[in-house]
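Okay, so here's the structure we're looking at.
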Amino acid sequence: MDAMENSVRDTVVLGTGCAGLTAAIYAARANLKPLVVEGHEPGGQLSLTTLVENFPGFPDGIQGPELIENMRKQAARFGAEYMRGHLVKADLNERPFKLDFGGDKTVLTRTLIIASGASARWLGLPNEHKLIGHGVSSCATCDGFFFKGKPITVIGGGDSAMEEALFLSRFATKVTIIHRREHFRASKIMLDRARKHEKIEFLTDTMVEDVLDPSLKEVTALKLKNLKTGKVWDFPTSAMFLGIGHEPNAKMFTGQLDMDDDGYLKTHDFVMTRVPGVFACGDVQDRRYRQAITAAGSGCAAAIEAEKFLEEHGR
Ligand code: NAP
């Protein structure tokens with residue numbers, strides 16, 4: 001779909017993570033022929049993870065990318081249509097809603113399901129972005145292999161950090177988890193697994209002040225600071241993987257939809273935004289649970305609400 005669409009869509013689903021694809025399955029089965037927009041991170045966070053052990057129905061677990069691919073096919077089977085694009089601007093004041101994807105790529109739609117998810121957070125260190133792809137990464141499954149036989153560092157104290165560390169222990173000689181506090185946000189089961197692993201060690205009450213390499217060609221060390229003692233030292237490592245959470249992808253709706261202080265879309269009655277006909281689901285509006293299954297549940301609800309809205313307002 002390259003140019004301006006003349007016809008008005010019943011519904012557009014923004015995002016192809018677990019929430020977006022579940023919304024697409026339900027909307028497609030309701031015969032709404034959803035247009036599903038795939039942005040910069042197709043498949044969302046599940047496509048960057050490995051074994052998913054807590055999605056019901058898979059007693060032996062399922063690989064994240066496989067789960068996403070299955071959902072994608074399932075939605076396509078019922079008539080969902082996919083389009084690559086990055087939403088530049090949305091006009092939610094007029095009806096139908098106008099979605100501007102840059103150039104002459106504009107889509108008109110009666111309802112909108114926002115499932116744009118959340119993206120990895122960075123530390124904001126002076127050398128961090130210069131070394132992305134050269135030892136700094138936010139995706140263990142994408143980049144871990146490059147550090148085979150080398151020491152690796154993971155930053156964070158939540159489940160993502162534990163999961164990354166466990167995955168990276170397959171390649172690394174040693175994985176060090178650096179966390180800014182003594183207490184961990186990670187679930188007990190994940191933390192215990194990491195603690196018991198012979199290759200994983202922990203540095204707590206410690207923050208990273210910068211990523212080091214004088215020539216900025218590859219990571220050789222991290223400049224660390226112990227927050228209790230104030231000690232600063234250079235810690236040799238080959239890679240720094242971030243596991244410090246995510247930021248919601250909702251900036252394009254600033255001024256049009258309500259957001260909390262951290263930029264998450266505010267919803268009422270599960271998936272309703274303040275604009276009737278616009279629904280939000282998954283990590284872009286959920287800062288509390290942030291699970292694949294809760295994202296899927298809210299995607300389902302958003303599609304059902306979109307269908308109801310269209311019925312009540314005439315298609
Ligand atoms: P999270 O639970 O929000 O944890 C983020 C961690 O990063 C926290 O420990 C936080 O430290 C630290 N952090 C944040 N900003 C930092 C900064 N600027 N400098 C240093 N440290 C920083 O995020 P998450 O681990 O991505 O997990 C998100 C959700 O997904 C959770 O509900 C989690 O259970 C779920 N999840 C589940 C699985 C699984 O079950 N397999 C895997 C991954 C994620 P503080 O603790 O000090 O705030």
Side-chain angles (χ1 to χ4, degrees), residues 17-19 41 43-56 58-68 117-129 136-142 144 153-169 175-195 197 200 202-211 222-228 235 240-249 260-264 282-298:
C18 208
E41 296 170 28
Q45 290 174 49
L46 273 186
S47 65
L48 301 177
T49 193
T50 48
L51 193 62
V52 179
E53 289 180 311
N54 50 13
F55 200 88
F58 300 95
D60 301 320
I62 182 168
Q63 292 292 323
E66 191 186 346
L67 181 57
I68 280 294
S119 297
R121 200 181 277 149
W122 300 89
L123 287 169
L125 304 170
N127 289 334
E128 189 179 37
H129 273 262
V136 173
S137 171
S138 67
C139 178
T141 46
C142 316
T153 305
V154 173
I155 317 299
D159 281 336
S160 294
M162 301 308 130
E163 191 176 62
E164 289 201 357
L166 288 161
F167 177 77
L168 291 165
S169 66
V175 179
T176 307
I177 296 175
I178 295 180
H179 181 38
R180 62 185 176 185
R181 294 190 297 145
E182 198 184 327
H183 297 286
F184 288 84
R185 223 175 262 271
S187 56
K188 191 175 174 325
I189 187 167
M190 299 287 278
L191 184 59
D192 283 351
R193 263 186 217 168
R195 278 195 168 134
H197 201 288
I200 299 177
F202 290 81
L203 272 177
T204 53
D205 298 309
T206 302
M207 62 176 271
V208 184
E209 292 212 312
D210 206 359
V211 194
L222 303 179
K223 188 176 173 194
L224 301 183
K225 182 176 186 178
N226 183 299
L227 295 172
K228 282 197 170 152
F235 178 78
M240 175 176 84
F241 283 84
L242 281 311
I244 61 167
H246 292 81
E247 279 182 14
N249 297 317
D260 71 11
D261 291 346
D262 293 323
Y264 284 87
D283 284 12
V284 73
Q285 53 86 244
D286 169 26
R287 56 180 307 149
R288 189 178 176 91
Y289 302 109
R290 297 181 293 181
Q291 301 299 302
I293 190 66
T294 49
S298 64

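First listed ligand is number 1; within each ligand, the first listed atom is number 1. One-based numbering along the sequence shown.
Less than 4.0 angstrom separates some heavy atom of N54 from each of these atoms of ligand 1: 40 (O). Taking every non-hydrogen atom of R181 and a distance limit under 4.0 Å, the qualifying atoms of ligand 1 come out as 45 (P), 46 (O), 47 (O).
Heavy atoms of R185 found under 4.0 angstrom from ligand 1 belong exclusively to the side chain. The backbone of Y289, and not its side chain, has at least one atom closer than 4.0 Å to an atom of ligand 1 (non-hydrogen atoms only; backbone = N, CA, C, O). For L123, every heavy-atom contact with ligand 1 shorter than 4.0 Å involves the side chain, none the backbone. If you look at R121 next to ligand 1, the close heavy atoms, those under 4.0 Å, all belong to the side chain.
Side-chain contact check for Q63 versus L51: some heavy-atom pair is nearer than 4.5 Å.
The closest approach between any non-hydrogen atom of H179 and ligand 1 is below 4.0 Å. In this structure, M207 falls outside the shell of residues with a heavy atom less than 4.0 angstrom from ligand 1.
Annotation: salt bridge (charged side-chain N to carboxylate O under 4.0 Å, His left out) contacts of E182 (sequence neighbours excluded): K228.
Of all non-hydrogen atoms in T153 and F235, the two that sit nearest each other are OG1-CE2, 3.6 Å. The two residues I68 and G17 come nearest to each other via the heavy atoms CD1-C, 4.0 Å.
Aromatic ring pairs are classed by plane angle as parallel below 30°, tilted from 30° to 60° and perpendicular above 60°; the pair F184 and F202 is perpendicular.
Between the choices S160, G61, G157, G64, the shortest heavy-atom distance to atom 6 (C) of ligand 1 belongs to G157.
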